[in-house]
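Below is one structure, written out as structure tokens; comments come after it.
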Amino acid sequence: MAYTVKEIFYTLQGEGRNAGRPAVFCRFSGCNLWTGREEDRHRAVCQFCDTDFVGVGPDGGRFTTADSLADAVLARWPVVGHGRASGGRPLVVCTGGEPLLQLDADAVHALHARGFEIAVETNGTQPAPEGIDHICVSPKSDAPLVLTRGHELKLVYPQRQPDAQPERFEALDFEEFFLQPMDAGDVEQTQHNMRAALAYCLAHPRWRLSLQTHKLLDIR
């Protein structure tokens, strides 16, 4: 299988359970809930997406094999020895767009062979290959979920659709449940969303608050 990747970069994970952990981000191009083009946003299932996942960026690429993709990920990790990532706990976060449209068993095997723990951030509408070490599902609107178990469920909040409320998901088989305030692109509305998420977490202690710390720190 060939892989189309928007960008690959080294940073700190900003959200959820792994917040603050060094990681290589591999952002796959494409999504099944939105084209990524502004002229289509009004028709998107996920109209609040704030990520550019269209095409190939200057630090992305098109990879004809899983090994070439894994080598590109390895090249971004700062400590490498004998063809493997080392130093601390090497982590690659496969994201998008929707990474499970492309991430397959061959890519999982190749990334593991280079020493990485593999995390995926997915909208949960696609099945996942075996071997992924950390599955984070972030449900979008009323899109049907295929992945109903994993390590963390991270819900952007509040979403307008009645089928995207926290109570719909809290009985699913996830280890942790995170509520992440929606970045509305407007300071006042975003602060309102933060207060709403905080209040919900306090009233429903199964949920933890997840802040987008990479935005607060102004890092990629």
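The structure presented is a predicted model; accordingly, all values stated were derived computationally and were not measured.
Between P90 and G88 the shortest heavy-atom distance is CD-O, 3.4 Å. Looking at every heavy atom in both residues, P129 comes nearest to L100 through CD-CD2, 3.9 Å. Annotation for V54 and R37: closest pair CG1-NH2, 3.6 Å, computed over non-hydrogen atoms. Taking each heavy atom of L12 and G20 in turn, the nearest pair found is CD2-O, 3.6 Å.
Atom CD of E39 is surrounded by more than 12 heavy atoms from other residues, nucleotides or ligands within 6.0 Å. Other residues, nucleotides and ligands contribute only 12 or fewer heavy atoms inside 6.0 Å of the CZ atom of R160. Within a 6.0 Å sphere centred on NE2 of H109, heavy atoms belonging to other residues, nucleotides or ligands number 12 at most.
Taken together through direct or relayed side-chain contacts under 4.5 Å among Ile, Leu, Val, Met, Phe, Trp and Tyr, L209 and L217 form parts of separate hydrophobic clusters. Under a hydrophobic clustering in which Ile, Leu, Val, Met, Phe, Trp and Tyr are joined whenever their side-chain heavy atoms come within less than 4.5 Å, directly or via other members, L172 and W207 fall into the same cluster. Under the 4.5 Å side-chain heavy-atom criterion for ILVMFWY residues, no single connected hydrophobic cluster contains both V56 and I8. Cluster annotation: L211 and Y200 are assigned to distinct hydrophobic clusters (Ile/Leu/Val/Met/Phe/Trp/Tyr, side-chain heavy-atom contacts under 4.5 Å, transitive).
Remark: the E152 side chain and the H134 side chain contain an N/O donor-acceptor pair separated by less than 3.5 Å. With no hydrogens or angles considered, a side-chain donor-acceptor pair links D133 and H112 at under 3.5 Å. Inspection of the Q159 and Q47 side chains reveals no N or O donor paired with an N or O acceptor under 3.5 Å. Between the side chains of S138 and K140, at least one donor-acceptor pair of N or O atoms lies under 3.5 Å. Looking only at atom types and distance, the side chain of N123 has a donor-acceptor partner in the side chain of E98 under 3.5 Å away.
Using a distance-only test at 3.5 Å, with no hydrogens or angles considered, a donor-acceptor pair links the side chain of Q102 to the main chain of T4. With hydrogens and angles disregarded, a donor-acceptor distance shorter than 3.5 Å links the side chain of H151 to the backbone of I135. A side-chain donor-acceptor contact under 3.5 Å links T122 to the backbone of G124. Distance alone, capped at 3.5 Å, places no donor-acceptor pair between the R21 side chain and the L91 backbone. Although no hydrogens or angles enter the test, the distance criterion places no donor-acceptor pair under 3.5 Å between the side chain of W34 and the main chain of C49. Of the possible polar contacts, none joining the D106 side chain to the A66 backbone as a donor-acceptor pair under 3.5 Å is found. Counting only distance, with no hydrogens or angles, the side chain of Q13 and the backbone of E15 share a donor-acceptor pair below 3.5 Å. Distance alone, capped at 3.5 Å, is enough to place a donor-acceptor pair between the S29 side chain and the G55 backbone. Remark: the backbone N or O of A113 is paired with a side-chain donor or acceptor of R84 at under 3.5 angstrom. For the pair T213 (side chain) and L216 (backbone), a donor-acceptor distance under 3.5 Å is absent.
With respect to R76 and E7, no salt bridge is recorded, no charged nitrogen being found less than 4.0 Å from a carboxylate O. Salt bridge annotation for D59-K6: absent, with no cationic side-chain nitrogen under 4.0 angstrom from a carboxylate oxygen. A salt bridge does not link R168 with D142: every distance from a Lys NZ or Arg NE/NH1/NH2 to an Asp or Glu carboxylate oxygen is 4.0 Å or more. Taking 4.0 Å as the cut-off between side-chain N and carboxylate O, R43 and D40 count as a salt-bridged pair. Between E175 and R17 there is a salt bridge, since a side-chain N of the basic residue sits under 4.0 Å from a carboxylate O of the acidic one.
Between F174 and F177, the ring planes lie perpendicular to each other; the angle is over 60°, past the 30° to 60° tilted range.
Evaluated for a side chain to side chain contact (heavy atoms under 4.5 Å, CB included) with C26, the options V93, L103, L111, V5 yield exactly one hit, V5.
Annotation: side chain of E176 is not in contact with side chain of L153 (no heavy-atom distance under 4.5 Å). Side-chain contact between Y3 and D104 is present, with heavy atoms from C-beta onward closer than 4.5 Å.
Between F53 and F28, the gap from one ring centroid to the other reaches at least 6.0 Å. The distance between the ring centers of F25 and F9 falls below 6.0 angstrom.
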Let me see the working for V108 and I132 under side-chain contact (heavy atoms from CB on, under 4.5 Å), right down to the final yes or no. CA-CA 7 Å; V108 169; I132 295 175; 4.1 Å; yes
When you look at E121 and K154, which way does the salt bridge (charged side-chain N to carboxylate O under 4.0 Å, His left out) test go after all the steps? CA-CA 9 Å; E121 296 186 349; K154 183 175 61 184; 3.8 Å; yes
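In this structure, CG in D71 is found 9.0 Å from CG in L69, a value given to the nearest 0.5 Å.
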